[in-house]
Structures are given as C-alpha cells and as structure tokens.
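Bear in mind the structure is a predicted one, so any value in this text is a computation, not a measurement. Chain letters run A, B, ... following the sequence lines, proteins first, then strands; residues in each count from 1. The figures that follow rest on heavy atoms only: side chains count, while hydrogens, waters and symmetry mates do not.
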Amino acid sequence: MYSRFGHIERARNVFDKMYERNDASWNNMISGFVKVGLYHEAFGFFRKMYGYGVEASGFSVASLVTACDRSDCMLREGLEVHGFVVKTGLICDVFVGTSLLNFYCTYGPVSLARKLFEELPDRNIVTWTSMIVGYLDNGDLEEAIGMYQRMRREGVCCNENTYAAVISSCGMLGDELLSHQVLGHVVKSGLESNVSVDNALISMFGAFGRMEAASYVFDHMDEHDTISWNSMIAAHAHNGLCEESLRYFYWMRRINKEINSITVSTLLTACGTMDNLKWGRGIHALVVKLGLESNACVCNTLINMYSEAGSSADAELVFQKMPDKDLISWNSMMARYVQDEKCLYALELFAEMIRMRKAMNHVTFTSALAACSDLEFLVVGKIVHALVVLAGLHDNLIIGNALITMYGKSGMMIDAKKVFQKMSNRDEITWNALIGGYSENKEPNDAVESFKLMREDGVPANYITIVNVLGACLTLDNLQKHGMPIHAYIVQTGYEPDNYVQNSLITMYAKCGDLKSSNYIFDHLAYKNSITWNAVIAANSYAGCGEEALKLFAKMRCAGVDLDQFSFSLALSVTADLAILEEGQQLHCLATKLGFKSDHYVINTMMDMYGKCGEMDDVLKLLPLPINRSRLSWNILISAFARQGCFKEARETFHEMLELGLKPDHVTFVSLLSACSHGGLVDEGLAYFASMTTEYGVRAGIEHCVCIIDLLGRSGKLAEAEIFIKQMPVPENDLVWRSLLAACKIHGNLELAKKAAGHLLELAPSDDSAYVLYSNVCATTGRWEDVENVRTQMGSNSIKKKPACSWVKLKDKVSSFGMGDQSHPQTEQIYAKLGELRKMIKEAGYVSDISYALQDTDEEQKELNLWNHSERIALAFGLISTSEGSPLRIFKNLRVCGDCHSVYKFVSGIVGRKIILRDPYRFHLFSGGKCSCSDYW
DNA sequence: CTAGGGTTAG
C-alpha cells in the first residue's frame, strides 16, 4: 500500500521489519522504487531478489525495464534485465515485451527495437503503437507509416495513441494524400473527437500550412487541454503568424488555462523570428513568475531567442544562471559564441565540457570545429579532430562536412581533401564545402575540377555549388577559362531560373571586370526579385558605378520589389563610399520606416556611412552595446576613429575589442595601422605590425605594409621605409612606391623620390601620379628644370595629370570646380567672396606658404596661383550658398594642399562654422581655427 | 499529441 502511494520510506521500514517475505513483498518494493524515481535502488533490490531465488513478477520486471528506459544511464542494466527476461520466459508477458521494446527505442538504434518486435511472442495495441512511436521519434517516418499499414493489414485495432503518432508522421512527411486516408480511418473508428487525436491533427494541418483546417479542428473540439493550445500556438508560429500565436497565448491566460514549459518554449521560438525583443523579454518575465526558469528546455529557447534577436549579453546571462544545463544548453551557447565570432569563448566552453566530463554529441563537435575555422586555431582544430576520432564520430556526415570547412578556412586544403577522401558518406554539402574551400583559397582549377567530379559522381549540384564554383572564377583569365563554360553549363542544366545562380552570375561578371554582361543579364531577366536587384546593385557598386547603383536602388523601389536588409546595406555603402551624407540620411530614414533599423548588418553600414561622412556623433548614436558588437562593428568603429584623427580612441577601441574576446582580422589591422600612421604613432604602429602575425595570427598583407611605409615616410624615417620595402614579407606593388614617393614630397627628399618614381613607373607605366608627385618634389625643392623635364616626358608618353577637382553638394545638386574655374554662373560672387576671405584671414595673421605653389614664377604670382586652387573656390562657393552657422562639406579628388589647409583653418575660425573637407586619404574637420588632424596628415 | 542545439552559401 505504502509503495503504491509513493511513501517509499515507510514501505522500506515495513519491508525491513518483516520476518518473512514472499514474492509480492519484493515485487511491490521494486515497483515502488520505480514509482518515486529511485531507479538504482529498484535495480539493487532486483539483483538481491534474484540472488535469493525469488520469482519476479511480470509487473515488477516491466516497471524495472521502464526505469532503465527513463534513466539516461542504465543501458547496461536494461540489457541485463533483457537477458533475465529471455532466460525466465517472461518475454511471453506482453507488458514486459512492450516495455523492453520501448527501452530499445530509447537507446536505439531503432533497428534493434524492430528485431525485438519481430521476435516477441505476444503483441497488443500498445506494442504496435510503441514501435510506431519509436520510428516517429527516430525521424524514420516512412517506417512508422509502414508499420501502421501492416498493423491494419493484420487486423489489429488502433487506439488514440496510434492515430496521434500516425497523424504526426503524416505532418512531418508533408504527405497530404496519406493524411486523407488516415483521416478516413480515424472517422471510421469514432476517435475523431479524442483530444490527443485532435491535437495531433492541429499540428499536422499546421505543418501543411492549412491554418483554416487547424482552426476548424480546434474550434470544434469538446474540450481543450494545454497541448491543444500549445499546438495552436506552434502551428501559427511555424507559419510565420507570430502575432496570432501571441493572441492564442493571451486568450489562454485569460481563461486561466495551465501554461507549461512547452507553451513558453513555443512562444519564445516565435518571438525570436519576430525581430522583437519586447515580447521575448515579457515572456522571460513570465517564465520567472511561473517558476519555469530552472527548466532546461525553456532556458535553451531563451538563449536562442536572445541570440536571434542579437542580444548575446542576455543569452549569456541566461546560460550562466541556469541551474541544470543539459547538452543542448552547452551546444546552444557554443553555437552563439561561434556566430558572434567569439571563437575563444566557444573553445573555452568546449574545454570546460571536457574538464567537467559532460556528455557531448556531434553537434558539440560541429560547433567546436566551426570555432577553429581559422588559421590561428589550426592546432586546436587538429586536437578537436583527434577528439572526434576518439569519440568515434569521425564517420558522421555532418562532422565530416564541418572538418572540411574547418581545414578549408584554415587554408589547409590538403587536409580537407584527406578528410573528404576518407568519408564513407558524402552529400552535396560535403562537395560544396570542398569546392568552397578551393574557391576561398584561390585555387580555381581545383574548384572547377571538383565540380566536374561532383557531377560525375551523380551528386546533384544546388545553387550553393554554383555560387561557390563561380566564386572561384573572379578574374578575367578565369572568366574565359572557367566562368563562361560554367555559365554554359548552367544554361544547359536549367539552373538559370534560380535566383541565387543569377545573383552569382551577375556578381561573377562584375568582379571579372565585365559590368556590361552583368547589366545585360539583369536587363534580360523576365523575373526579378529582391535578390536579383540586390545583385545588380552590388555589381554596379563593385565596378565603381555608385551613382548607377543608387539609381537602380530607386528603380527597385519604384518597381514595387521588397527592399530587404541587403538592399539597404548596399545602397548605404554606396553613399558611404561617395560620402554623400544627405542620401545616406534619407536611406537611414527609409530603413527606419520599413523596420530595418535594428538589423545589425544595416546598422553597421549606417555607422560606416556616418563615419565616412565625418559624422562621428551619429556613429556613436548607432553603436550597439560592446557585448553585442560583431567584428565588423568593431572594425568600422576603429576605422571611423582613425579617419577622424581620434587616434587614442582608435587604439582604445582595439584593446576593448580584444578584451571582449573578439579576434581582430586583417581589416582591423589596416584601420589600426592607418590610425597610427595618420597620428604619427611610429613606435606603436611598428609594435602592432610585429604582433599582428605572432600574437593574432593575421598574415601581413600588402595593405598593412603600405601603412607601415606611410607611417615611416610621413614621420621622416625615409631610409627606414626604404629598408622596410626590401624586407617586406609580400612582393612590392605600385602602392608601396607611391606611398614612399608621397613621403619624399612631404620631406623634400629628391634623391629617394627619383628612385621611388623609377620603381613606380616600372610597375605602373601609365600612372600619372608618379610623374605628378615627382615633379612636385622637384618643385618643392626648387628644381624647376627637372619639373620642366618631367612635364616634357609626360607629354611624350602622352600621360595626362589627373586634374584637381573639388565639389560641394547642395540638396540635390553637385557643384564642382577645377583649378581657377570660372565656368560657374555665380563666378563673380565666388571670386568676390574669395577676395574677402583673403583679406580677412591676412588680418587674422595668415601668411601664405608659397612652397606649395608648383609653378616656377615670381612670388606674387605664386601666391595668386594658390588662390586658384579648386578647394578654395569650392570653399567660397559653399560659404555663399549655405546658411550661416551650418556645417559645410567639401570634397576633393586629390590630397588637400598644405596652404589651402591653413586657409581653411583661418576661415573656420573667422566665420565660426564647422567645415568638413574630405580628400581620398582622410577627413579634415575644421572648427574654431583648428583642424582635427592636428596638422599631421 | 505540443517545445530547445548542428554542416555548405548569402
């Protein structure tokens, strides 16, 4: 009696005091222990009883097997009981047989359960249903249905549980035809009003997307239990009707229906896709109120909800506070870190799991491998690979795919290929990972060869395959050799209508320098959706046709195509590159209006746009909290600070990024090094360059080397710069020498300038900047004959100097000015203003620096020539065309002249306006007589 | 019968 009511201690007392015990005494104790969850006690009693020769009853053995089934660590015990059952003939007891079947279904493989099923001497409805449910739980839906059909053939009746399982299978299979048959059987059996059956029907219709049918079932049920409500909420959520899910939830609360962990889990999943933290946080509060915050599943969905909503900080908090973390909790948190590119954190969690001897599965290893997908972690990656082998998971398909990806991203294609060859199963993802690896590592021949083998192997290519293989063909040579034949293949095999394929074709041609073909493909497409439009906008932007790209964006809007986050990022990045603030702001407004304001990708490009337009305040307004910043956000922030001349902030930002566990990449270092170069921080710059590879595993690229040459050159260490060029880890290019030549100009080093110009002309014979810079050095040092010589040489080589040009943008009109430009309708006013400015600043103490005049004339003429510089004309025009006190933005296509820089400073002080001047190198923010660059640029 | 984690591409 005590055991049956769960008072196991009292039962044990009675049992211990008994003088004489019979079979029932033992059996009752065993089932009593199972009832209260003391599975190991139950098993201990069972062994003792066996030792005493007491006969076990079917009921107690069945409950013992159930105990082994429910406990997640009693596989061995379960097998022992099975042996006992066979020996004693208890296998004939249908309850024992069925519980054993359930045990095998849980511990899998399901084939063992099936074998037992076939051997069982006696079966009932529950046995059959258990087998069907076993298949369902294992995702083997065809077998589940097959079992059901055999059950019917053999004339076994079905109960509500059978139908529920079969209906669920139909839903997961997406087989509507079959569902009609089953529905017929259900109606015939009279179980159509059963709650479990109806609940299953709701889910099934939800899976089919037939919400009206799901609602019909729900509305016509006699009674609803919590599962009915949960099913309705889930069905709506799966069909993207999240608001509707919330409505059912509120209704459920209003009528005081019991809300359980599954209800909130389902809702939280819906909130993750709603891009709306508000609901998520509300439900989180409810979780606490209902006391569900210790439920592992609920917490896991909370982690994922916050992750999806981009709030990693909250996800982390939930994880840390969880009392009982299960495997999925660890896996979820690791996956989140990997997605945030916080690979070190992910690997730390992985290490902790090992230390704490936590159970791991293939998902754990997959995330660990993804965390190692970088050259820096190659050794760790190999260790994880070894652990995978130890765990016996090396033949797992998904793990194999992750291994190929890991080696590919570390640049180790030989290892990737080894893994590939050893795999016993391959799917299209395996091939795609391999081809993607070759493509990313710039091995187009191998990529194309693998693509060929893939087809020969009969593995169907999907759009990702095509995207990958096309991605390997992004140079003009490859376009003819590989790209175009692949295009032909695409046409032949009917991949052409696929939008992702179109996307990559448009991209491929643009990146190979053939924008015309990109536009041609786009123009001739019958069906264009957001992806296609985005692709053509990206192509034009990539090819340097920013204005065309923006026009296409406008056309896309007019065409009524949905703008997505990619459209906005693309258009915003064009406005960023052109530094056109007004258009950028308009896009910001539009993005806000259409609900893309919280998209991290859009936020990042917006920040970049404001940074490149010199609006640091707006960058900081948009900046996410540190914990939620991606590497991209950090890079943008550092480069924005660098461009504004805020070197201290740039450096601090870099260290803050490191502290938060993010890994800097080559872009981070370009920004950081250029900050050092513009700020004259020579020693620091050199130290960062040195640690870049050794500490952070970022290989030095040519762009980093150019920063260093710039850094040394600007600060006057020209000899060091020259030595650096000789010792650089990468082959030199024109940028290197141009940078050195520019430094020679600043410091008037004629001899080195000559050398640098020579190298530059070798590498870029038709480049005007070599001549111009060299002639400028000659002019600065007063070598006027040499200036003339260079001029003649340019003439005979028919090379033209890129003319200087400055422009001001007012509302929707751009006014541009060349040197001494008099073509503007307001020329008179402009020059009057110039005269006025000249007088004013002279009174304020300005003295012109005629060393910036590059023509050989007398001093007075030299000064007059300086006043013909395009940036001054643009300044005068800007001042008379905009309202007093408003900030003024001016652009120049070449580096600003030093004397003009000084004029701008004086003017900003006198007129009391902020003047922002952008040249191709950086921003100058003039205010109150000073410039943000502190005169070092 | 209802709920939670993972691989390629973007």
Scan [X] against the nucleic acid and name what it touches under 4.0 Å (heavy atoms): base, sugar-phosphate only, or nothing.
| X | value |
| --- | --- |
| His224(A) | nothing |
| Leu393(A) | nothing |
| Asp198(A) | nothing |

Separation of atom [atom1] in [X] from atom [atom2] in [N], rounded to whole Å:
| X | N | atom1 | atom2 | value |
| --- | --- | --- | --- | --- |
| Met252(A) | dT2(B) | CE | P | 15 Å |
| Met221(A) | dC1(B) | CE | P | 15 Å |
| Met333(A) | dG4(B) | CE | P | 19 Å |
| Met232(A) | dA3(B) | CE | P | 14 Å |
| Asp137(A) | dT2(B) | CG | C1' | 13 Å |
| Asn260(A) | dA3(B) | CG | C1' | 9 Å |
| Leu136(A) | dT2(B) | CG | P | 7 Å |
| Lys325(A) | dG4(B) | NZ | P | 21 Å |

Which residues pass the salt bridge (Lys or Arg N to Asp or Glu O under 4.0 Å) test with [X], sequence neighbours left out?
| X | answer |
| --- | --- |
| Asp446(A) | none |
| Lys382(A) | Asp415(A) |
| Glu440(A) | none |
| Arg210(A) | Glu176(A), Glu212(A) |

query = Can you check whether Phe218(A) and His224(A) have ring centres sitting under 6.0 Å from each other?
reply =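 Yes: the rings meet the under 6.0 Å criterion.
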
task = Measure from the ring center of Trp533(A) to the ring center of Phe553(A) and say whether it is less than 6.0 Å.
result =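 They do not qualify: ring centres at least 6.0 Å apart.
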
All pairs passing salt bridge (charged side-chain N to carboxylate O under 4.0 Å, His left out) where residues 219-230 of chain A contributes a residue, at least two apart =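 Listed once each, the pairs would be none.
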
ask   = Which side chain to side chain donor-acceptor pair (under 3.5 Å) pairs, counting each pair once, include a residue from residues 404-413 of chain A, with sequence neighbours left out?
value =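 The answer is His385(A)-Tyr407(A).
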
ask   = What is the per-nucleotide protein-contact pattern of nucleotides 5-10 of chain B, from the 5' end, where B denotes a base atom under 4.0 Å from a protein heavy atom, S denotes such proximity for sugar-phosphate atoms only, and - denotes neither?
value = BBBBB-

key: Within residues 164-174 of chain A: residues closer than 4.0 Å to DNA chain B (heavy atoms)   =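 The answer is Ala164(A), Ser168(A).
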
Could you give the side-chain donor-acceptor pairs of residues 166-175 of chain A under 3.5 Å, partners two or more places apart or in another chain?
unit_1: Ser169(A); atom_1: OG; unit_2: Ala165(A); atom_2: O; d: 2.9
unit_1: Asp175(A); atom_1: OD1; unit_2: Leu177(A); atom_2: N; d: 3.3
unit_1: Asp175(A); atom_1: OD1; unit_2: Leu178(A); atom_2: N; d: 3.0

